[in-house]
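See below for the structure under consideration.
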Amino acid sequence: MEVIIGIILLVSFVGMVIYAVKGGNMALGVIIMAILWTILAIAGHYISSADFVAENAAIGELTIMGTITAVFQDAFTNNGANTVLFFFGAFFGRILLETGIAPALIRKTVELGGDRPVITTILLNIVVAGIFTSMFGTGAVIAIGVIVLPILLSLGINKRVALTSFMLSIGAGLYMNVLPFKQYQIYYADGDSYLFNGAYLKFGITAMIVQALITIIYIIIAQSGKKRRVSAWAAPTSARSDSKNVPGIALLTPFLPVLMVVLFNIPICFAFLVSALFALIVCGKLTGFNETARLITKNFADGVIDTAPLLCFMMFIQSFNKAAGLCAPYFNAVLGGVIPKSALLICAMFAVLAPLGLFRGPLTLAGSGAAMLGILSGLGFSVVLLYPLFYAPTMTMNISCCITQSWIVWGLNYTKNDTKEYMGHSIPCGWIVCIILAIFTYIYFGSAAF
């Protein structure tokens, strides 16, 4: 019966992939899958063969109430620390916009690029990557996009090149952003031992550099032969009138949180809070006690609103992950002899099949990849190998390239880009990045695969 349960799980997994590809609501999808897989796990406790139960002792220990508590209570309540982290991160992002620091940084970059559109585009995308080492979320992308994209278009950059490079640059910065790292860390049963400023850091720095370099090469190639010159002063450089009053030292603010975490191992919430207060002080926003209270309260409240949809999904995915862990023995019963238990072959598979990270497919944790993660975890692969393998298609193919990503949909509409033409530019770049990162993953972590 365990094989039959495994087959039902696989069929439901395929259904989840199809649902995700068609644009279904992922929060609803994963909680439905959590319910279904919990039912199957409980059923397996009673109908699996005695030998199978003996080989997988955890199955014999399952109880109905204990399973329900683990999947639909503990999975939700154990997410409190990450919830607070996202609140502080969103608060910091709001402060960057409130003070005009982000627009001012972009304006200074345009001035530095002068009358050379390609150089200006490259510099802008480097700055965007730097900004998104601390900012995160659809609201942040739109707030920066309405400044950067008109500049690129006014400089004569092809609209597909402008949008593709902008989205790839966001993804490059997010590789060194603690918030998405924490978001996907909770997908792993033993993820608490896998630290940003630990095993991940070497890969994160490599990934950011690789994606930034591929973006630069793409800009140079895509804009080669286009000689139109536009004066930098003609570009609309600020969406806020007060951005010109931002002091030079304030331009360091977007980079402070990640530097504090990486260089001094400072707790990230404290780093966000200190950086936000630094921005408010140097920009002269703290004019009195009442005004300080209003600014902090307002921006914190706005940040909570920004993160609410994401937090809903995160809690539901925790529930699904717990159910997937309970079902791992059944996946192993069906696929244990099919999926190669080799670090080299798994890395090669992720490199070749990286486009399956598109359309919420089985290689993105922002879609149906949680089920595939459960399968591979059940086969014994360690989080040290699996985290970077899944993170690359998640951050690059999905978040940086895929039209199911909310901020990419916004960008397509904002710049009047054709969907197929955009994907014709973004997907090859993303695939190259994923192939390179799969190679680095094997080099860095292949020896620690199990």
Side-chain angles (χ1 to χ4, degrees), residues 102-132 135 138-174 208 211-240 243 395-433:
L105 185 58
I106 292 166
R107 177 174 58 84
K108 292 290 186 182
T109 304
V110 174
E111 294 173 358
L112 181 63
D115 298 335
R116 297 162 294 179
V118 172
I119 297 298
T120 302
T121 302
I122 291 172
L123 291 175
L124 273 175
N125 281 280
I126 291 173
V127 168
V128 167
I131 289 173
F132 280 92
M135 293 185 76
T138 302
V141 172
I142 293 174
I144 300 300
V146 296
I147 303 170
V148 172
L149 291 173
I151 293 174
L152 296 179
L153 297 177
S154 69
L155 292 174
I157 302 300
N158 181 284
K159 63 181 182 180
R160 288 179 292 279
V161 178
L163 184 62
T164 301
S165 63
F166 177 65
M167 294 302 174
L168 286 171
S169 297
I170 291 171
L174 291 178
M208 181 176 68
Q211 185 148 322
L213 287 176
I214 294 299
T215 304
I216 292 171
I217 294 170
Y218 161 73
I219 293 169
I220 294 172
I221 294 174
Q223 285 296 124
S224 63
K226 296 177 174 61
K227 302 297 184 181
R228 178 184 172 187
R229 295 177 66 88
V230 180
S231 297
W233 55 263
T237 56
S238 177
R240 295 178 58 94
S243 65
M395 301 303 294
T396 298
M397 296 306 296
N398 187 184
I399 290 178
S400 305
C401 301
C402 185
I403 59 172
T404 63
Q405 182 65 27
S406 59
W407 58 61
I408 292 180
V409 174
W410 168 83
L412 289 168
N413 293 326
Y414 184 76
T415 57
K416 303 296 189 294
N417 260 295
D418 178 79
T419 299
K420 290 183 179 179
E421 291 181 350
Y422 167 76
M423 295 183 71
H425 282 238
S426 64
I427 292 176
C429 294
W431 200 346
I432 292 170
V433 171

For [X] against [Y], the heavy-atom pair lying closest together:
X    : Y    : value
Y218 : H425 : OH-ND1, 2.6 Å
L149 : A162 : CD2-O, 3.9 Å
P103 : I147 : CG-CD1, 3.5 Å
T121 : S165 : CG2-OG, 4.4 Å

Heavy atoms, side chains only, cut-off 4.5 Å: are [X] and [Y] in contact?
X    : Y    : answer
V128 : I170 : yes
C401 : L168 : yes
V141 : M135 : no
V148 : I106 : yes
K159 : L163 : no
P150 : Y414 : yes

Return yes if some donor-acceptor pair links the side-chain N/O of Q223 with the main-chain N/O of I157 below 3.5 Å, else return no. no
I'd like to know if the side chain of S169 and the backbone of A129 have a donor-acceptor N/O pair within less than 3.5 Å. no
Rounded distance (nearest 0.5 Å) linking atom [atom1] of [X] with atom [atom2] of [Y]:
X    : Y    : atom1 : atom2 : result
T396 : M167 : OG1   : CE    : 14.0 Å
L174 : I399 : CG    : CD1   : 6.5 Å
I403 : I408 : CD1   : CD1   : 9.0 Å
Y422 : C402 : OH    : SG    : 9.0 Å
L124 : L155 : CG    : CG    : 7.5 Å
I151 : R107 : CD1   : CZ    : 10.5 Å

Heavy atoms of other groups near K108 NZ, more than 12 under 6.0 Å: no
For atom CH2 of W407, decide whether the heavy atoms of other residues, nucleotides or ligands shown that lie under 6.0 angstrom number more than 12. yes
Q211: which of I214, T215, L213 passes side chain to side chain contact (heavy atoms under 4.5 Å, CB included): T215
Take F166 and T415 through the side-chain contact (heavy atoms from CB on, under 4.5 Å) test and state the conclusion after the steps. CA-CA 12 Å; F166 177 65; T415 57; over 6 Å; no
